[in-house]
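Bear in mind the structure is a predicted one, so any value in this text is a computation, not a measurement. Order of appearance sets the numbers: ligands from 1, and atoms from 1 within every ligand.
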Amino acid sequence: MLMFNMVGELEDVLNKVYENPRQSFKEIKHFLLLEDEKELKCLFSFADKVRKEFIGEGVLLRGLVEFSNNCANSCFYCGLNKQGSSIKRYGMSRDEIMRAIGDLSAVNIKTVVLQSGEDNGLDPLWLAGIIKDIKSNFGLAVTLSVGEKPYGEYRLWRDAGADRYLLKIETTDPQVYAAAHSGRLIESRLKCLDDLISLGYQVGSGVLVGLRGQTVDSLARDILFFQDKNFDMIGIGPFIPHPGTFFANDKPGDIRLTLKVIALTRIITRDAHMPATTALGSAGADYRIEGLKSGANVLMPNFTPLRYRALYEIYPGKTCLKEASEKCILCMDEKAKISGRFLDYSAGHSIKKRHLFN
Ligand code: 5AD
Ligand code: FES
């Protein structure tokens, strides 16, 4: 059992959640509904201690390259949806991608996240070639985030050297999922996640907090799902309404609730890598420091070239649209220090046991 100096009933309940999440559904809900400042502080500091015990004080960096905003989907919350707005579409060339990777490698970052919309036109062999080049020229850890794809493509990219894959479930509630994804079914996303796990990727998932129809019950089930699947990485961010989407007039996700979901996920999953997401940095104000203090341990500086950055508008008000990446790193160094931590420039592979001997 973890040792805490603080005493009191709330710590006892948190210890129960920590020791036995499966039997703690009611308690998880209780914490999701907390409003009292003192009690919330207790929840966040418990999560912070679990983070410290399992991960330490380093804040890992992942360099993000948003290489295409083409998307064949029409997710009702996402600004890249195909019906969506009037955004100008772009796809970076292989040379542009390699230059962005050169930039992030030059400042000593050891992980690149290659992200795009779910682009039907994405040539799997082209991407495999890029992965091989990154591996041989820069030796970086490669994380892909390009959506639902057939098993064969996931295998091709894994064979080419990709280490990790991010695919958020967004919500585990089948109805909420279907209603936000224009009839697409959660089963297909679950199958993709299982495929990725079986191929030996370090797999990341996560949810949006504040999706239409989501309840505290469904968020509690989301958190238990993270533990069930033993994901290596979990990203949690607030929903931010985008004017070019079907959900334009929905209420934004609640920041406090987002922080509670982060904290409980940390307590329950213990050693997953968890970003203070860009969405958390873009929700009216920048709440990434609060994220770092509630269980998160990763920041993701954006290395998409400035001329494309504003076009990757998943949601409005995205932070760091005009900042040179180097400036963001300085700013992140500051955020880490304010949180009593330091930037960790290692590759930051998963520390889940199944990966330790890979
Ligand atoms: N608000 C916040 N996050 C969003 N995402 C997509 N649309 C929004 C939005 N409107 C998140 C999803 C997706 C990730 C790339 O961005 O969680 O997985
Ligand atoms: Fe980009 Fe602060 S992280 S300016």
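- Atoms of ligand 1 found under 4.0 Å from any heavy atom of Y315, numbered from 1 in the order shown, are 1 (N), 2 (C), 3 (N), 4 (C), 8 (C), 9 (C), 10 (N).
- Listed by atom number, the atoms of ligand 1 under 4.0 Å from F239 heavy atoms are 1 (N), 2 (C), 10 (N).
- The backbone N or O of E66 lies less than 3.5 Å from a partner atom in the side chain of T304, making a donor-acceptor pair.
- When only modelled atom types and interatomic distance are considered, N297 and R341 share no side-chain donor-acceptor pair under 3.5 Å.
- For R288, the heavy-atom gap to ligand 2 drops under 4.0 angstrom.
- Checked for salt-bridge contact, D12 and K16 miss the test: no charged N lies under 4.0 Å from a carboxylate O.
- Scanning the protein heavy atoms around atom 9 (C) of ligand 1, the nearest turns out to be I240 O, 3.5 Å.
- Among all protein heavy atoms, the one lying closest to atom 17 (O) of ligand 1 is E170 OE1, 2.7 Å.
- Closest protein heavy atom to atom 2 (Fe) of ligand 2: C331 SG, 2.3 Å.
- Under the 4.5 Å side-chain heavy-atom criterion for grouping Ile, Leu, Val, Met, Phe, Trp and Tyr, L259 is connected to M274 within one hydrophobic cluster.
- At a cut-off of 2.8 Å, C320 does not coordinate atom 2 (Fe) of ligand 2 through any N, O or S atom.
- Under the 3.5 Å distance criterion, with hydrogens and angles disregarded, a donor-acceptor pair is assigned to the side chains of R189 and Y177.
- Put simply, part of P238 is less than 4.0 Å from ligand 1, judged by heavy atoms.
- The closest side-chain heavy-atom distance from K335 to D286 is below 4.5 Å.
- Put simply, C328 gets within reach of atom 1 (Fe) of ligand 2, with an N, O or S atom under 2.8 Å from it.
- T171 and D173 share no side-chain donor-acceptor pair at under 3.5 Å.
- Side-chain contact check for T215 and D217: no donor-acceptor pair (N or O, by modelled atom type) lies under 3.5 Å.
- Taking a cutoff of 4.0 Å between a charged side-chain nitrogen and a carboxylate oxygen, K49 and E11 do not qualify as a salt bridge.
- Counting the atoms of ligand 2 from 1 in the order shown, those under 4.0 Å from a heavy atom of E323 are 4 (S).
- Using a 4.0 Å cut-off between heavy atoms, H242 makes no contact with ligand 1 at all.
- Counting atoms of ligand 1 from 1 in the listed order, those under 4.0 Å from a heavy atom of C78 are 7 (N).
- Nearest protein neighbour of atom 14 (C) of ligand 1, counting heavy atoms only, is K168 NZ, 4.3 Å.
- Ring orientation note: the planes of Y201 and Y165 are nearly perpendicular, at an angle over 60° on the 30°/60° scale.
- From the protein, the heavy atom lying nearest to atom 8 (C) of ligand 1 is I314 CG2, 3.5 Å.
- Considering backbone and side-chain N/O atoms, Y77 comes within less than 3.5 Å of an N/O atom of ligand 1.
- Counting the atoms of ligand 1 from 1 in the order shown, those under 4.0 Å from a heavy atom of L208 are 2 (C), 3 (N), 4 (C), 17 (O).
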